[in-house]
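The structure under discussion appears below in the form of structure tokens.
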Amino acid sequence: MTSIAEVKKNIKFYQGETKKWEKRVQRSLIGLFTIILILTLTHLGLVDWNPELIFNEVFDYYKYIIVSPLIIYFRFCLKQHRSSKSLMDVYRSNSISIRLSKEVINFQCKIKKGELEELKDVS
């Protein structure tokens, strides 16, 4: 059985991991939007700022080639963030179950020792 100190240590660790991956998700998303904006503005500059010409091209493969590694990194960071968050939730539920089991054991010990005589008189 794990101790509460160990569970608290793991909760603190996964809170840090969750924050770290959350920052990486935000940075990669900002980078992704920035690169898409830069590529679109560059493309508009090449067609003399005529937006009608930019939408006539059906496939812009170079945009996908440039942006795809960042999309893969974004998905990886998102997966790691979800994983660390779910593990943190598991440790939190373990912490609650350990506390409850200790309270039940303490309550049972008090009943065995006869310390709860007052409760029997009240009911």
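This chain uses plain numbering: 1 for the first residue, then up along the sequence. What you are looking at is a predicted structure, and each value in this text was computed from that prediction instead of being measured.
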Cluster check [X], [Y]: I/L/V/M/F/W/Y, side chain < 4.5 angstrom:
X	Y	value
Leu78	Ile72	no
Ile38	Ile66	no
Val90	Met88	no
Leu37	Leu44	yes

Does any part of the side chain of [Y], heavy atoms only, come nearer than 4.5 Å to the side chain of [X], both counted from C-beta?
X	Y	answer
Phe33	Leu70	no
Lys85	Gln80	no
Leu39	Val67	yes

message: Looking at Lys12, I want to see if its NZ is surrounded by more than 12 non-hydrogen atoms of other residues, nucleotides or ligands under 6.0 Å.
response: no
task: Assign the ring pair Phe76 / Trp21 to parallel, tilted or perpendicular, where the plane angle (0 to 90°) is split at 30° and 60°.
output: perpendicular
To the closest 0.5 Å, what do you measure between [atom1] ([X]) and [atom2] ([Y])?
X	Y	atom1	atom2	answer
Lys23	Cys77	NZ	SG	13.5 Å
Asp89	Ile11	CG	CD1	9.5 Å
Leu32	Phe74	CG	CZ	7.5 Å

message: Minimum heavy-atom separation for Thr18 and Ser84, please, with both atom names.
response: OG1-OG, 3.3 Å
For Trp49 against Leu41, the heavy-atom pair lying closest together: CH2-O, 3.9 Å
task: Evaluate the criterion salt bridge (charged side-chain N to carboxylate O under 4.0 Å, His left out) for residue pair Lys19 and Glu22; output intermediate values, then yes/no.
output: CA-CA 5 Å; Lys19 288 179 183 178; Glu22 187 174 333; over 6 Å; no
field: Side chain Ser83, main chain Lys79, donor-acceptor under 3.5 Å
entry: no
field: Lys/Arg-Asp/Glu bridge criterion (N-O < 4.0 Å) met for Lys9, Glu6
entry: no
